[in-house]
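Notes follow once the structure below has been shown.
Each ligand, and each atom within it, is numbered from 1 in the order the structure gives. In this chain, numbering begins with 1 at the start of the sequence shown.
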Amino acid sequence: MRVKHKPWAKDKLLAHPEICVQNPTELKGNWHTVFGNHHPIHIEIGSGKGQFISGMAKQNERINYIGIEVVESVLVLALDKALAADVKNLRLLAVDGGNLTDYFSPDEIERIYLNFSDPWPKKRHTKRRLTNPRFLTIYQHLLPQSGEIHFKTDNRGLFEYTLQAFSEYGLLLQYVSLDLHQSQFEDNIMTEYEEKFSKQGYPIYRLEASFKAN
Ligand code: SAH
């Protein structure tokens, strides 16, 4: 996501440790202490400006959410939304989703959301796609057998790639939709990109996947 560089972003994130967690490596295996309960933890990798993760946290009080975004100038916008949402079950992390195993223990998170991930259309950048097998190995390490990956995109190429990468990896696919907004799916919380692209008339692709049948 392109936003103007904000030199003050880091200081603002640091000023809100109640939402923007500063010491994620120290919390590995102990995230329940951050939330003060043992509710399931769902994360979003690449949460952008944060509309989805704040909306989900408001909608589902008994789930704990962590939004992960590598660009601080973007995450600071998600921080504003999190502050406005005024919920206890939401935290934000300014880290790279490729290093998730530094921050979470196996089985510590139950669901991973990937929304409108960067498509990296060039073949030589395939490994950077968040649905590449390199990342699937990480997700598999972190999720329990009943854990799920929920993926949405407007990008047909990335969706096709993901269908293929997931099935080759042996993931079980369910609720595959080629036009989410015309489907039966309820309680959809739109992301910023989703609003933008669906307004332009593009269909939204969606799927859910798990590493093993429940
Ligand atoms: N989910 C949002 C933003 C999509 S744009 C929406 O749908 O509106 C993709 C976002 O993922 C960008 O903000 C980008 O900075 C972030 N991103 C890309 N690779 C990442 C990674 N490895 N770890 C964390 N965030 C990442």
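Closest to atom 8 (O) of ligand 1 among all protein heavy atoms lies Y193 N, 3.0 Å. For atom 12 (C) of ligand 1, the closest heavy atom belonging to the protein is M1 N, 3.3 Å. For atom 24 (C) of ligand 1, the nearest protein heavy atom (residue, atom name, distance) is V70 N, 3.5 Å. Shortest contact from atom 13 (O) of ligand 1 to any protein heavy atom: E69 OE1, 2.7 Å. Scanning all protein heavy atoms for the shortest distance to atom 4 (C) of ligand 1 gives F116 O, 3.2 Å.
At a heavy-atom distance under 4.0 Å, only side-chain atoms of E44, from C-beta outward, approach ligand 1.
A side-chain donor-acceptor contact under 3.5 Å links N115 and E44. For the residue pair E194 and N188, a side-chain donor N or O sits within less than 3.5 Å of a side-chain acceptor on the partner. E26 and N23 share a side-chain donor-acceptor pair at under 3.5 Å.
If you number the atoms of ligand 1 from 1 as listed, the ones under 4.0 Å from a heavy atom of E192 come out as 8 (O). Of all atoms in ligand 1, listed by their number and element, those nearer than 4.0 Å to a heavy atom of D118 are 9 (C), 14 (C), 18 (C). The G97 neighbourhood of ligand 1 comprises atoms 21 (C), 22 (N), 23 (N), 24 (C), with distances under 4.0 Å to a heavy atom of that residue. Each of the atoms 15 (O) of ligand 1 lies under 4.0 Å from some heavy atom of V71. If you number the atoms of ligand 1 from 1 as listed, the ones under 4.0 Å from a heavy atom of T191 come out as 6 (C), 7 (O), 8 (O).
Residue F135 places no N or O, backbone or side chain, under 3.5 Å from any N or O of ligand 1. At under 3.5 Å, a nitrogen or oxygen of D96, whether backbone or side chain, sits near a nitrogen or oxygen of ligand 1.
Of all the heavy atoms in V74 and V3, the pair that sits closest is CG2-CG2, 3.5 Å. Among all heavy-atom pairs drawn from S210 and E148, the shortest one is CB-CG, 4.4 Å. Heavy atoms only, all atoms of each residue included: R62 and H39 are closest at O-CB, 3.2 Å.
Closest heavy-atom approach to atom 1 (N) of ligand 1 within the set G46, A78, S73: this belongs to G46.
Aromatic ring orientation, F197 versus Y193: perpendicular (interplanar angle above 60°, classes split at 30° and 60°).
Residue-environment remark: NZ (K10) stays at or below the threshold of 12 foreign heavy atoms within 6.0 Å.
Between the side chain of W31 and the main chain of Y103, a donor-acceptor pair closer than 3.5 Å is present.
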